[in-house]
Amino acid sequence: MTTFIAHGPAVAGNVPAEADRHRAPSLLDGALHTELTPEGCDLGYWFRAVPEGTLGGDPMGRSPDVPVPDHMLRDGPLRQAVMQELAFRSMAEEKAARAISHLVANAPDLAGMDFFTTQLVDEARHAYAFRGHLLELGVPGEELESTMESLAGADRDAVLTPLEEFGLGVLRDGRDYIGGVVTLTVLVEGVLAPTAELSERKWRPFDPPAAEIERTAGIDEIRHLSVGTTIVRRHLLRHPEDLNRIRELVFLGTELWSRLPVQQLTFRREQLYQQGLEQHRDIAGDYEVWPGRRLVDTTPEERMLTASEWARATQRARLADMGLAP
């Protein structure tokens, strides 16, 4: 796999490979292998690399000439599955953006402040893009908020709210900058990134605009995971006395994850998706969701198990990079 390393500002007019929508690695590969620094991903980098390189000039991060397929505009399990997923993802990204404001406020240096300012904008844009695709799927604008609430409000309360409370206890109440970076990088993005990778892959044949939106969001997440890892690794090298405290934080966050009904809500959506997959096998054809495995041959359990394996591999790699390996 290619490792992308950014240690300085991007050269004007030259989009780095890891930020280019055509050359960037997949979210899974990028999360495992990309090395980036806060100094290299400063405001100048963001303004040069993201609006044109990642987004291609479109704030939703998708090609305007790729229409929403007719089958996604008709009510059915596929449409319901993607709408539930996007509503939940939009709520998650909104909460992330609000939480990151505390990292901006508590950053001990300008490099960290600048980087987390760009991440805040990224997460807010992701929420905007996911909401935007719900509108493209036919949700009336005046009904968007109420529709999202009916689609994912209960899942937000069951999963996202406890995570938010945990994170705000670290970020806002404890004003713990490094603890906040760990929480965001390991316990939130590090766990959710592989799920987003699966989402991009499984929607590619059925809803190309949704897959493109996931793709550009994933490119941003590679940068977030990598820079967050660098910040934590540097801190622990300078302050080894903090190692046990950070390990305890990771343990508490992981234990919280284990109590949340994430598997149940994911399985519910995958069952809906499976119904749609069976209805539209002709559209999926021989498309491989991962090498050697046709999408039409997969099951909800297999897709969930694969995403879980990706999540464990990503988390292990990032913890090792940070110096937090067990």
Side-chain angles (χ1 to χ4, degrees), residues 21-22 24-29 56 58 60-90 126 129-140 143-144 147-148 150-152 155 192-219 262-311:
R21 65 194 303 175
H22 303 296
S26 69
L27 174 52
L28 187 61
D29 287 342
D58 185 279
M60 284 181 61
R62 79 174 201 77
S63 304
D65 58 346
V66 177
V68 179
D70 289 342
H71 62 263
M72 295 303 299
L73 297 174
R74 293 190 294 269
D75 196 30
L78 270 184
R79 185 170 181 270
Q80 280 298 309
V82 78
M83 289 175 65
Q84 288 183 19
E85 189 172 314
L86 293 179
F88 182 81
R89 291 287 305 282
S90 184
H126 299 166
F130 294 139
R131 293 195 307 270
H133 193 51
L134 289 173
L135 296 175
E136 291 184 317
L137 289 167
V139 177
E143 298 176 13
L144 179 61
T147 299
M148 290 176 60
S150 66
L151 288 167
D155 290 340
L192 295 178
T195 303
E197 170 79 7
L198 177 62
S199 183
E200 178 196 337
R201 295 187 188 195
K202 76 181 188 184
W203 288 116
R204 214 173 274 160
F206 295 121
D207 190 343
E212 286 196 355
I213 291 168
E214 290 279 12
R215 163 70 171 161
T216 52
I219 292 172
V262 178
Q263 294 297 312
Q264 293 94 314
L265 75 88
T266 303
F267 185 61
R268 187 174 68 247
R269 288 191 211 133
E270 287 299 330
Q271 285 181 307
L272 263 180
Y273 180 85
Q274 189 71 26
Q275 294 173 29
L277 176 59
E278 295 298 334
Q279 288 181 1
H280 298 286
R281 293 175 66 89
D282 58 321
I283 296 175
D286 291 328
Y287 168 77
E288 294 186 353
V289 66
W290 52 80
R293 189 61 170 160
R294 296 195 314 166
L295 176 61
V296 293
D297 296 327
T298 63
T299 65
E301 294 84 356
E302 181 184 3
R303 294 191 297 272
M304 289 178 61
L305 178 61
T306 300
S308 295
E309 291 172 350
W310 290 347

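At least one side-chain heavy atom of F267 sits under 4.5 Å from a side-chain heavy atom of P300. Here the side chains of R131 and M148 are in contact, with some heavy-atom distance below 4.5 Å. A heavy-atom distance below 4.5 Å is not found between the side chains of T147 and L134. When side chains are defined from C-beta on, H126 does not count as touching I213, because their heavy atoms never get closer than 4.5 Å. With contacts defined as side-chain heavy-atom distances shorter than 4.5 Å, the pair T195/T266 does not qualify. The closest side-chain heavy-atom distance from R215 to R204 is not below 4.5 Å. A 4.5 Å side-chain heavy-atom check between Q279 and L78 finds every atom pair outside the cut-off. Contact check for L272 versus R268: no side-chain heavy atoms found under the 4.5 Å cut-off.
Side-chain contact of E278 with Q274: a donor-acceptor pair under 3.5 Å is present, judged by distance alone.
Closest non-hydrogen pair, P209 versus E136, comes out as CB-OE1, 4.5 Å. The shortest heavy-atom contact between I283 and P205 is CG2-O, 3.3 Å. L73 and V68 get closest at one heavy-atom pair: CD2-CG1, 3.9 Å. Nearest heavy atoms, K202 versus L295: O-CD2, 4.0 Å.
Atoms CZ and CG, on R21 and D58 in that order, are 7.0 Å from each other to the nearest 0.5 Å. Atoms CG and CG, on L27 and L198 in that order, are 11.0 Å from each other to the nearest 0.5 Å. The line from CE of M60 to CD of E212 is 10.0 Å long, rounded to the nearest 0.5 Å.
Here the side chain of S308 pairs a donor or acceptor atom with the backbone of M304 at under 3.5 angstrom. Checked by atom type and distance alone, the side chain of R89 never pairs as donor or acceptor with a backbone atom of F130 at under 3.5 Å. Of the possible polar contacts, none joining the Y273 side chain to the W203 backbone as a donor-acceptor pair under 3.5 Å is found. Judged by distance alone, with hydrogens and angles left aside, the side-chain atoms of T306 form a donor-acceptor pair with the main-chain N or O of E302 at under 3.5 Å. At distances below 3.5 Å, not a single donor-acceptor pair connects side-chain atoms of R79 with backbone N or O atoms of R74.
Ion pairing between a basic and an acidic side chain is recognised when a charged N comes within 4.0 Å of a carboxylate O; D155 and R269 show such pairing.
Sparse packing is recorded around CG of D70, with 12 or fewer heavy atoms of other residues, nucleotides or ligands lying under 6.0 Å away.
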Steps toward side-chain contact (heavy atoms from CB on, under 4.5 Å) verdict (D207, L137): CA-CA 10 Å; D207 190 343; L137 289 167; 4.1 Å; yes
